[in-house]
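What you see is a predicted model, and the numbers here were worked out from it, not measured in a lab.
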Amino acid sequence: MNPSSPGGAPTRHAPAEVGLHARVLDRLGTAICSGDVTAGSVLSIEDLVDRYQVSRSVIREVLRVLASMGLIETRRRVGIMIQPAETWSVFEPRVIRWRLASEGRMAQLRSITELRTAIEPHAAGLAAERVDDDEASELVGLAAKMWAAGKAGDESRFLGLDIDFHRRVLAASGNEMFAKLQLIVAEVLAGRHHYHLMPHYPDERALQLHTDVAQAIQRRDGARAREAMVGIMEQGFAEMKSMWERAAEPGGV
């Protein structure tokens, strides 16, 4: 809200300014999360205006967003202080995206996989108790589409289906807090795809495990749904770790 405008009408930004804001936010957020701008560093609005060649209003809006995520803190007579990772909003999808862009990518993937392993199997078990027949049938159909896309090597289609599959399982749990994790799951799956930590042709066991989850939910077999979802988590992290290690070898891609 713009307090200086009559009636508290929301501030309107020109499209070009909105685009600049997004680009500067992404660049500065990535620099902080990668450690290029270290915790404890002090910046000023003037420094940032010069660095990114944008207006003070764009920089102020960027700083407002970064402060809301715990990445910075503005202190009078000191400046803009970069905060340590302990203060960051680690569930914020943009923070996850920026951390995935850093050299600490595998640590972030490991952390999120551990979170998913704690939540998604339980969500699958609850879905087996709470899902309706139509939702269960759609989930089985979605697993079949994933199988076809994976076998065809259609990575972009497989990614979209994979994100939708996990979103539906979380939503079908009937737990609104689990459902909110879909944004985190989407971000990490997209990150795996972007950084080539997902095989071009998914492993057949991974495809089968998605089918097993869907069919177990349809059969109302919560124990099997949980077990198969744990398998998906373990399989996914093993793939990421293997591909990361191969990329680090001399001549690796």
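In terms of modelled atom types and a separation under 3.5 Å, the side chain of W88 and the main chain of P84 share a donor-acceptor contact. A donor-acceptor pair under 3.5 Å is absent between the side-chain atoms of R105 and the main chain of G191, judged by distance alone. Judged by distance alone, the side chain of T30 and the main-chain N or O of D26 form a donor-acceptor pair under 3.5 Å. At least one donor-acceptor pair closer than 3.5 Å links the side chain of S68 to the backbone N or O of V65. Judged by distance alone, the side chain of T38 and the main-chain N or O of S41 form no donor-acceptor pair under 3.5 Å. Without hydrogens or angle criteria, R130 side chain to S173 main chain gives a donor-acceptor distance under 3.5 Å. In terms of modelled atom types and a separation under 3.5 Å, the side chain of Q53 and the main chain of D50 share a donor-acceptor contact. The backbone N or O of L109 sits less than 3.5 Å from a side-chain atom of T113, completing a donor-acceptor pair.
The shortest side-chain heavy-atom distance between R110 and M240 does not fall under the 4.5 Å cut-off. The side-chain heavy atoms of V90 and R99, taken from C-beta on, include a pair separated by under 4.5 Å. Within the 4.5 Å cutoff, the side chain of V49 has heavy atoms near those of the R56 side chain. When side chains are defined from C-beta on, E129 counts as touching L126, because their heavy atoms get closer than 4.5 Å. With contacts defined as side-chain heavy-atom distances shorter than 4.5 Å, the pair Q182/K180 does not qualify. In this structure, D221 and Q215 have side chains that are not in contact, with every pair of non-hydrogen atoms separated by 4.5 Å or more.
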Step-by-step side chain to side chain contact (heavy atoms under 4.5 Å, CB included) determination, H210 to H166: CA-CA 9 Å; H210 282 82; H166 290 277; 3.2 Å; yes

Full working for side chain to side chain donor-acceptor pair (under 3.5 Å) between S44 and D47: CA-CA 5 Å; S44 71; D47 292 338; 3.0 Å; yes

Worked verdict on L139 versus Q218 for side chain to side chain contact (heavy atoms under 4.5 Å, CB included): CA-CA 8 Å; L139 198 59; Q218 187 179 48; over 6 Å; no

Side chain to side chain donor-acceptor pair (under 3.5 Å) evaluation trace for S34 with D36: CA-CA 6 Å; S34 67; D36 290 343; 3.2 Å; yes

Working for side chain to side chain contact (heavy atoms under 4.5 Å, CB included), residues L170 and R167: CA-CA 5 Å; L170 287 166; R167 178 189 67 79; 5.9 Å; no

Step-by-step side chain to side chain contact (heavy atoms under 4.5 Å, CB included) determination, R60 to L63: CA-CA 5 Å; R60 285 195 188 97; L63 295 176; 5.6 Å; no

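In summary, D164 and R168 engage in a salt bridge, as defined by a charged side-chain N under 4.0 Å from a carboxylate O. Under a 4.0 Å N-O distance rule, the pair K145/D154 does not qualify as a salt bridge. Salt-bridge annotation for R94 and E187: absent, with no side-chain N of the basic residue lying under 4.0 Å from a carboxylate O of the acidic one. R226 has no carboxylate O lying under 4.0 Å from a charged side-chain N of E120, or vice versa, which leaves the two without a salt bridge. For R116 and E114, the salt-bridge test fails: no basic side-chain N is under 4.0 Å from an acidic carboxylate O.
Pairing each heavy atom of V42 with each of G79, the nearest pair is CG1-CA, 4.0 Å. For F158 against M146, the heavy-atom pair with the smallest separation is CD1-O, 3.4 Å. Smallest separation of non-hydrogen atoms from E155 and P199: OE1-O, 4.4 Å. Of all heavy-atom pairs between V213 and A124, the closest is CG1-CB, 4.4 Å. Pairing each heavy atom of I217 with each of A225, the nearest pair is CG1-CB, 4.0 Å. The two residues A127 and V169 have their closest heavy-atom pair at CB-O, 4.1 Å.
In this structure, I32 CD1 and W98 CH2 are separated by 7.5 Å, a value rounded to the nearest 0.5 Å. Taking CG of D212 as the start and CZ of R224 as the end, the distance is 4.5 Å to the nearest 0.5 Å. Note that NE2 of H194 and CZ of R192 are 14.5 Å apart. Values are rounded to the nearest 0.5 Å. Between atom CG of residue L28 and atom CZ of residue R51 there is a gap of 7.0 Å, rounded to the nearest 0.5 Å. Separation of atoms CG (L48) and CD1 (I59) is listed at 5.0 Å; rounding is to 0.5 Å. How far CG of L183 is from CD of E92: 9.0 Å, rounded to the nearest 0.5 Å.
Residues I119 and F91 are members of one and the same hydrophobic cluster, defined by side-chain heavy-atom contacts under 4.5 angstrom among Ile, Leu, Val, Met, Phe, Trp and Tyr. Residues V230 and V185 are members of separate hydrophobic clusters, defined by side-chain heavy-atom contacts under 4.5 angstrom among Ile, Leu, Val, Met, Phe, Trp and Tyr. Connection of I163 to V140 is not established within any shared hydrophobic cluster, with ILVMFWY side chains joined at heavy-atom distances below 4.5 Å, either directly or through further cluster members.
For E103, the CD atom sits in a loose shell: 12 or fewer heavy atoms of surrounding residues, nucleotides or ligands are nearer than 6.0 Å.
H193 and D162 are not linked by any side-chain donor-acceptor pair at a separation below 3.5 angstrom, with hydrogens and angles left out of the test.
The side-chain tip of R27 does not point at the ring of Y52 from less than 6.0 angstrom away and within 45° of straight on.
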